[in-house]
Amino acid sequence: MRHYELVCPGCGTIHEDHYTLSCPQGCDALIRTRYQSKMLKLREEPGIFRFAEWLPVEGALKSPAGPVTYQSEGLARDLGLKNLYIGFNGYWPERDAQIHTCSFKELEALPTMVRVRETGEGTLVVASAGNTGRAFCQTAATTGEQVVVVVPGKAADRLWTTVETDQACIVLVDGDYSDTIAVADALCTHPSLLPEGGAKNVARRDGMGTVMLDAAVTIGRLPDRYFQAVGSGTGGIAAWEAAMRLVGDGRFGSALPRLHLVQNLPFVPMVRAWEAGRREIVPATDMPDARTAVAAVYADVLTNRKPPYGTRGGVFDALTATKGTMHAVTNPAAEAAARWCEEAEGIDLDPAAAVALAALADAVETGTVGPDETVLLNLTGGGYRRVAEEHEHYPIAPAFEVAADVETASLTRDVLSWVRDHA
Ligand SMILES: *Cc1c(COP(=O)(O)O)cnc(C)c1O
Ligand SMILES: [Zn+2]
């Protein structure tokens with residue numbers, strides 16, 4: 001018996017985990033984990049596996065990477081907030097932040113690789129705008145397991161690790177993030193190539209949810225507000241799910257943190273749909289000229305065109321349940337926030353993290369967030385400069401470079417023979 005089961009919020013049925021990504025009854029809903037233990041007990045493990053009780057894994061990996069929460073002084077003073085906590089998810093050894101690939105995607109990759117090993121069969125395939133791919137390459141390097149990573153050509157130089165590996169098969173697609181998703185989906189129609197699952201993957205969501213768990217344990221209570229930049233919104237859904245578990249635990253308060261999820265103008269489909277009060281994203285209205293808009297944003301990891309917004313248990317439900325809201329931030333505001341954070345906190349940010357900070361500044365200025373409220377700002381990535389100073393940097397050369405309309409049957413054969421040759 002595993003220490004959790006899977007529950008569908010659509011039909012309520014319960015399932016055993018076979019790396020299950022969706023409800024076998026066919027519901028349009030994100031299946032969730034339900035853990036036996038309603039009280040969070042921390043394990044004696046380094047990094048994220050401290051929270052293994054509420055992760056869909058039995059085993060653990062010896063990785064120091066995990067969420068870190070600390071009370072801000074610099075930004076808190078500048079913003080006039082008395083209780084600003086930062087969830088820092090990157091590399092910053094002085095604060096014990098040990099995510100070598102510098103984004104919270106490593107919090108998703110670590111439990112996912114363990115979950116695949118325990119419940120799945122086949123080689124994992126991951127589509128990525130860059131950060132997810134790097135995180136999975138690093139995790140593959142740590143575990144020695146194989147992974148196939150499909151990324152847009154533009155992201156080629158984002159694929160590096162701090163531990164050398166020949167177990168990551170990189171497929172570069174001449175196109176944008178949405179094109180890579182299509183190629184990865186096509187590869188996964190082969191039975192021995194396993195789709196990682198994105199937002200549907202409970203290991204990914206519960207991995208990201210540890211940011212909320214770590215904050216609650218550190219602060220001693222749930223925060224009033226949670227700020228995060230989103231592309232798919234998976235991190236926002238994860239924060240909500242983790243908060244519901246913490247409410248169930250009973251020791252951290254009974255009010256769910258209000259979610260403040262942020263996108264980068266001009267590509268803001270979820271902001272538009274939310275402001276129109278719609279559960280559906282209408283492409284013509286919410287993301288006109290998508291390709292141009294995607295190309296124009298500062299933080300391109302935030303440019304998912306098919307986020308799990310309207311699905312049961314998705315972003316719309318998360319915002320509704322937490323009385324949350326969406327924010328839009330311009331490039332200049334985000335760039336200014338990145339510089340400001342370097343001065344005030346002393347760390348370089350991933351562009352997406354700067355987008356979240358810019359939205360918090362807006363919300364304070366307009367009075368949406370009051371000075372006494374407990375705020376959790378998820379800085380989802382950063383510390384690239386620090387990691388470059390202290391660790392090796394191994395770029396990973398692509399195994400295949402293909403056009404967006406590649407003939408996927410032959411690509412599948414090539415990828416499978418790569419997998420055999422490198423086993
Ligand atoms: C992927 C990513 C995000 C967005 O995460 P989602 O919750 O999946 O939308 C934000 N920041 C960084 C640094 C990321 O890599
Ligand atoms: Zn169902």
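Remember, it's a predicted structure, so these values are computed and weren't measured experimentally. Both ligands and their constituent atoms are indexed starting at 1 by order of listing.
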Geometric N/O contact Leu302 with ligand 1, under 3.5 angstrom: no
Backbone or side-chain N or O of Gly231 under 3.5 Å from ligand 1 N or O: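 By distance alone, the answer is yes.
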Tyr35 and Tyr4 aromatic ring geometry - parallel, tilted or perpendicular at 30°/60° bounds: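 Aromatic pair Tyr4/Tyr35 classed tilted.
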Phe316 and Trp274 aromatic ring geometry - parallel, tilted or perpendicular at 30°/60° bounds: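 Taking Phe316 first and then Trp274, their aromatic rings stand perpendicular (interplane angle over 60°).
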How close does the nearest protein non-hydrogen atom get to [atom], and which residue and atom is it?
| atom | result |
| --- | --- |
| atom 4 (C) of ligand 1 | Ala229 O, 3.5 Å |
| atom 7 (O) of ligand 1 | Gly235 N, 2.6 Å |
| atom 11 (N) of ligand 1 | Thr380 OG1, 2.6 Å |
| atom 6 (P) of ligand 1 | Ser232 OG, 3.5 Å |
| atom 5 (O) of ligand 1 | Phe104 CZ, 3.5 Å |

Ligand 1 atoms in contact with [X] (distance to a heavy atom under 4.0 Å):
| X | value |
| --- | --- |
| Lys105 | 1 (C), 2 (C), 3 (C), 14 (C), 15 (O) |
| Gln228 | 5 (O), 6 (P), 7 (O) |
| Ala352 | 10 (C), 11 (N), 12 (C), 13 (C) |
| Asn131 | 13 (C), 14 (C), 15 (O) |

So, [X] and [Y], do they make that salt bridge, N to O below 4.0 Å?
| X | Y | value |
| --- | --- | --- |
| Asp28 | Arg312 | no |
| Asp348 | Arg339 | no |
| Asp286 | Arg278 | yes |

Cation-aromatic face contact [X]/[Y], 6.0 Å, 45 degrees:
| X | Y | result |
| --- | --- | --- |
| Arg32 | Trp240 | yes |
| Arg386 | Tyr91 | no |
| Arg115 | Tyr19 | yes |

Intermediate values then yes/no, salt bridge (charged side-chain N to carboxylate O under 4.0 Å, His left out), Glu108 and Arg205: CA-CA 7 Å; Glu108 309 179 63; Arg205 301 209 307 278; over 6 Å; no
Apex the Zn ion (ligand 2); atoms Cys27 SG and Cys8 SG; angle rounded to 10 degrees: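 Between SG of Cys27 and SG of Cys8, at the Zn ion (ligand 2), the angle is about 110°.
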Asp350 contact mode with ligand 1 (heavy-atom cut-off under 4.0 Å):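 Within the 4.0 Å criterion, Asp350 contacts ligand 1 through side-chain atoms alone.
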